[in-house]
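In what follows, a structure is listed as structure tokens, so that the remarks can point back to it.
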Amino acid sequence: MSNVNVAVIYYSSTGTNYQLAKWAEEGAKSFGAEVKVLKVKELAPKEAIESNPAWKTHLEETANVPEASLADLEWADAIIFSVPTRFGNVPSQMKQYLDTTGGLWFQGKLANKVVSAMASASNPHGGQEQTILSLYATMYHWGAIVAAPGYTDQSAFTSGGNPYGNSVTVGQDGRIQEDVVEAVKHQARRTAMIAAAVKNGL
Ligand SMILES: Cc1cc2nc3c(=O)[nH]c(=O)nc-3n(C[C@H](O)[C@H](O)[C@H](O)COP(=O)(O)O)c2cc1C
């Protein structure tokens, strides 16, 4: 055990970001971290969900995944986010969760959290990088330490090479087009490793 707590917090309508979160869980666990995979609360109207069978199925399949709370943020030394793009921004479900963190921020309890993020879109250039950067803007306000993967591992060169955080393209068939498994695990391990250094060194 590395005495580091990692929260992997995601939003997913149709499963892509849940899959990224699960690979990140494996990566952080391989560092010896204690890991929680947590979803943010679904806020979409029932009619919208019912109109998309893949969305409805995914929600049912992940009904047992716990919802992220503010206590989870206090517990976590490192947080890895995963979100689908919404026109280059984070989904409103994730934004709503982030908007509940004002109290923790005010008390200084989000400072020095080590964070990184992942994203997905339907198109190869559909806004993955911008979505991650949009999320990082909030992290800078938190006083968090952004542990972007950069090109710190060979896996970056076979996974699409997004240095801000791993990202994927999801085809019409719902499948992830890039081979990002090792790169996601590396990102998670690195985020946990930097959190351990911060926690044990500060
Ligand atoms: C409101 C909305 C906006 C979206 N905007 C974009 C976009 O600008 N570019 C793009 O490539 N995909 C866009 N998408 C597609 C999603 O990013 C894609 O369905 C998602 O990455 C799948 O992730 P998930 O399976 O975890 O839900 C959008 C989807 C929705 C519902």
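Indexing begins at 1, ligand by ligand and atom by atom, following the structure's order. Note: hydrogens, waters and symmetry copies are ignored here, and every other heavy atom, side chains too, is used.
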Exercise for the section: Using a strict cut-off of under 4.0 Å between a residue heavy atom and any atom of ligand 1, list the qualifying protein residues by chain and number. Expected result: Ser12, Ser13, Thr14, Gly15, Thr16, Asn17, Pro84, Thr85, Arg86, Phe87, Ser120, Ala121, Ser122, Asn123, Gly126
Problem - Pair Asp77 + Lys113, salt bridge at N-O below 4.0 Å - result: no
Exercise for the section: Report yes or no: does Glu129 contribute a side-chain atom to a donor-acceptor pair with the main-chain N or O of Asn162 at less than 3.5 Å? Expected result: no
Handout entry: Under 3.5 Å: donor-acceptor pair, side chain of Lys29, backbone of Val35
Key = no
Practice task
Please determine if Glu25 and Lys22 form a salt bridge, counting it only when a charged side-chain N lies under 4.0 Å from a carboxylate O.
Solution key: yes
Practice task
Check the side chains of His58 and Ser13 for a donor-acceptor pair under 3.5 angstrom, ignoring hydrogens and angles.
Solution key: no
Handout entry: Short N-O contact, Lys185 and Glu26, less than 4.0 angstrom
Key = yes
